[in-house]
Amino acid sequence: MDSPFFAAMARVPDLLAAHVLLAAASLVLGLVISVPLAIWSARRPLVARAALGFASLVQTIPSLALLALFYPLLLSLSALVGGRIPALGFLPSLLALTLYALLPILRNGVTGLNSLDPAVIEAADGVGMTAWQKLVLVEAPLVSPVLMAGIRTAAVWTIGAATLSTTVGQPSLGDMIFAGLQTQNWALVLAGCLTAAGLALAVDALLGVVEHGIANRKRVRALLALGVLAIGILLALTPMLPTGKKSVVVGAKGFSEQYILARIIGHRLEAAGYRVSYREGLGSAVVFGALAGGDIDVYVDYSGTIFTNEMKRTDVPTRAQIVAQVGDWAARRHHIRQLGALGFENAYAFAMNGAEARRRGIASLDDLVVQAPDLDFGSDLEFLERPEWAAVRRAYPLRFKSAQAYSPTFMYRAIESGRADVISAFSSDGRVAAQKLAVLADPKGAIPGYDAVLLVGPPHARDARFTAALAPLVGHIPVALMREANYMVDRDTDKASPEEAARWLEARMGK
């Protein structure tokens, strides 16, 4: 029972509950929209063309992109109504997945209604049935098997696509998959994939029984299958029942250091009596908004990220000045409390293979400018779109032969394998030293300081018990320990989980 797989499975119940709730709500909402629309479309060819065309168009948009598009849309709507619409988490996920569920239900419904034998409809008219009676007593029973086939397809699609809701802050089985891919914890990936697949297969099988029961007029069998499905959903949702304890949400971005720090924060809050959940894998573009909007309660960010991304600053003051200005701005504009810097910096740092850098005589970004056209650049998934990259290019006219974005783990693998010659490394990453990478100097100071800072959202900014539990972390995580903890998770062999690395770091912090 101590195997990595069983340890990963321990995370399943809470995430499964959130996953089931999201998928079930999306499917039900999809049915509520699709069924009346299918009836209308079957009677109005123009409506059918428009509805089916729109539903088909939605399917051409990658599900990850559709989820992401709802964030700025809801954020803009929220600003118009005074911030009362959540831009992250359940709502954008629900809307995106509902749109994905429309096409199979709508298409099967329209096809089924349009395929009915005209003689049956004429017979119904002949006995004097009203339009409503004809729909309920004749058309619905005949179309139901075809419609159920569409519902089964929509259910499987929705359960699968729900794993991507992690990217917009909604807990799901995707949390395990994304975290496992980032940290190369394959047991975590396997547990998440198997659970999602098992859920999809179970739901599809039960809906198949319902479809068979309807087609063969075995109502008892269909009702029993629906009952089992309803009971299963209720059982899956039991971890979401209230416990009476205060619940707080710890946020994290999508790389190992963030997973480790989130666990350290969570441990301290649990010791203070709070019930803790995690929202991991959030991008820099959304995580600060999630804190300001109350979707998460606390997380660690980096002063330079907020300074450039949120404050839109292009100057480069000292590290201490950036930390102070970020704290003042966050409190004044968003009622967010910055508890302080944790004691280490995780700055962007251009890095090369050490031997190759010495061979080429490259020690700084100035040296890199001349040789960049012969080199391939690898970055993390965000860097090429961030203000920092624009600032670096203003200071140093870098023109690489190619530029490719990777998840952080695979970025380091790219430079190790030779697919990238230069990467946008992280200064607190243990892999810099382990892979003998040379960090290039930034003589023009284009890259700002990136002190790790602990941020608390408005609901707990003045909560003395909450802040007292976290205050001992401020100034007590040296960069050497953070690098070692990061490398424990990122190394290729004898890997530790973020939980294990967090416990190791806590023991050495002495706090």
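If you're wondering where the values come from, they're calculated on a predicted model, not measured in any experiment. Reckoned from all heavy atoms, side chains included, excluding hydrogens, waters and symmetry mates.
Residues Ser172 and Thr166 come closest through the heavy atom pair OG-OG1, 3.3 Å. Shortest non-hydrogen contact noted between Leu102 and Ala55 is CB-CB, 4.4 Å. Among all heavy-atom pairs drawn from Leu97 and Ser26, the shortest one is CB-OG, 3.4 Å. For the residue pair Ile105 and Ser34, the shortest heavy atom distance occurs at CG2-CB, 3.5 Å. In terms of heavy atoms, Leu27 sits closest to Ala154 at CD1-CB, 3.9 Å.
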Before you tell me yes or no, could you show the steps for Tyr278 and Asp175 under side chain to side chain contact (heavy atoms under 4.5 Å, CB included), namely the whole-Å CA-CA distance, both residues' side-chain angles and the distance that decides it to 0.1 Å?
CA-CA 9 Å; Tyr278 298 91; Asp175 288 20; over 6 Å; no

Should Val203 and Val156 be marked as a side chain to side chain contact (heavy atoms under 4.5 Å, CB included) after you check the CA-CA gap, both sets of side-chain angles, and the distance that decides it?
CA-CA 8 Å; Val203 170; Val156 172; over 6 Å; no

His19 vs Thr163, side chain to side chain contact (heavy atoms under 4.5 Å, CB included): CA-CA, chis, key distance, verdict:
CA-CA 8 Å; His19 198 104; Thr163 58; 3.5 Å; yes

Could you walk me through whether Tyr259 and Glu499 pass side chain to side chain contact (heavy atoms under 4.5 Å, CB included), step by step?
CA-CA 8 Å; Tyr259 297 138; Glu499 175 72 24; over 6 Å; no

For the pair Ser256 and Asp490, evaluate side-chain hydrogen bond (donor to acceptor under 3.5 Å, both in side chains) and give the outcome as yes or no after the intermediate values.
CA-CA 7 Å; Ser256 301; Asp490 293 326; 2.5 Å; yes

Tell me, with the steps shown, if Arg394 and Thr314 meet side-chain hydrogen bond (donor to acceptor under 3.5 Å, both in side chains).
CA-CA 11 Å; Arg394 284 195 298 270; Thr314 57; 5.2 Å; no

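No salt bridge links Glu310 with Arg386; every basic N to acidic carboxylate O contact stays at or beyond 4.0 Å. Using a 4.0 Å cut-off between a side-chain N of Lys or Arg and a carboxylate O of Asp or Glu, Lys253 and Glu382 do not qualify as a salt bridge.
With contacts defined as side-chain heavy-atom distances shorter than 4.5 Å, the pair Ser424/Asp380 qualifies. Counting only heavy atoms from C-beta outward, the side chains of Pro459 and Asp297 approach each other to under 4.5 Å. When side chains are defined from C-beta on, Val210 counts as touching Met148, because their heavy atoms get closer than 4.5 Å. Counting only heavy atoms from C-beta outward, the side chains of Val300 and Val453 never approach each other to under 4.5 Å. Within the 4.5 Å cutoff, side-chain heavy atoms of Ser56 are placed close to those of Arg107. Taking 4.5 Å as the limit, every side-chain heavy atom of Val298 sits out of range of all side-chain heavy atoms of Val248. Looking at heavy atoms from C-beta onward, Phe288 lies in side-chain contact with His334 at the 4.5 angstrom threshold.
Between the OH atom in Tyr348 and the CD1 atom in Ile447 there is a gap of 10.0 Å [rounded to 0.5 Å]. Taking CE of Met129 as the reference point, atom CD1 of Ile121 lies at 10.0 Å (rounded to 0.5 Å). Expressed to the nearest 0.5 Å, how far OG1 of Thr195 lies from CD1 of Ile159 amounts to 12.0 Å. Considering CG of Leu106 and CG of Leu31, their distance stands at 11.5 Å, rounded to 0.5 Å. Once rounded to the nearest 0.5 Å, the distance linking CZ of Arg413 with CD1 of Ile423 reads 12.5 Å. Atom OH of residue Tyr299 and atom CG of residue Leu455 lie 5.0 Å apart, to the nearest 0.5 angstrom.
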Donor-acceptor contacts, no H, no angles, side chain residues 57-68, under 3.5 Å, sequence neighbours left out:
| residue | atom | partner | partner atom | Å |
| --- | --- | --- | --- | --- |
| Gln59 | NE2 | Tyr100 | O | 2.9 |
| Thr60 | OG1 | Leu57 | O | 2.6 |

Side-chain atoms of residues 221-233: list all donor-acceptor pairs with protein atoms under 3.5 Å, sequence neighbours left out, distances to 0.1 Å.
| residue | atom | partner | partner atom | Å |
| --- | --- | --- | --- | --- |
| Arg221 | NH1 | His212 | ND1 | 3.1 |

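Residues that satisfy the ring-ring contact (aromatic ring centres under 6.0 Å, His included) test with Phe400, not counting sequence neighbours, are Phe377. For the ring-ring contact (aromatic ring centres under 6.0 Å, His included) test, no residue two or more places apart in sequence or in another chain qualifies with Tyr412. Residues passing the salt bridge (charged side-chain N to carboxylate O under 4.0 Å, His left out) test with Asp421, sequence neighbours excluded: none. Remark: His267 engages no residue in a ring-ring contact (aromatic ring centres under 6.0 Å, His included) (not counting sequence neighbours). Taking the salt bridge (charged side-chain N to carboxylate O under 4.0 Å, His left out) definition, one finds that Lys134 meets it with Asp125, sequence neighbours left out. Thr111 pairs by the side-chain hydrogen bond (donor to acceptor under 3.5 Å, both in side chains) definition with nothing, not counting sequence neighbours. Partners of Glu257 by salt bridge (charged side-chain N to carboxylate O under 4.0 Å, His left out), not counting sequence neighbours: none found. Partners of Arg279 according to the salt bridge (charged side-chain N to carboxylate O under 4.0 Å, His left out) rule, which considers only residues two or more places apart in sequence or in another chain, do not exist here. The side chain to side chain contact (heavy atoms under 4.5 Å, CB included) check on Ser402 picks up Asp376, with sequence neighbours excluded.
Among pairs with a residue in residues 136-158, those fulfilling side chain to side chain donor-acceptor pair (under 3.5 Å) read Arg43-Glu139, Arg152-Asp204, Arg152-Glu211, at least two apart in sequence or across chains.
The closest donor-acceptor contact from the side chain of Gln170 to the backbone of Phe90 lies under 3.5 Å. A donor-acceptor pair under 3.5 Å links the side-chain atoms of Gln133 to the main chain of Thr130, judged by distance alone.
No cation-pi contact links Arg49 to Phe54, judged by a cut-off of 6.0 Å to the six-membered ring centre and 45° from its axis.
By the neighbour-count criterion of 12 heavy atoms within 6.0 Å, atom CD of Glu385 is sparsely surrounded, having that number or fewer from other residues, nucleotides or ligands. Within 6.0 Å of atom CH2 in Trp186, more than 12 heavy atoms from other residues, nucleotides or ligands are found, so the atom counts as buried in its surroundings.
The aromatic rings of Phe466 and Tyr274 stand perpendicular to each other, their planes meeting at an angle above 60°, with 30° marking the opposite boundary.
Counting only N and O atoms by type, the side chains of Glu388 and Tyr450 include a donor and acceptor under 3.5 Å apart.
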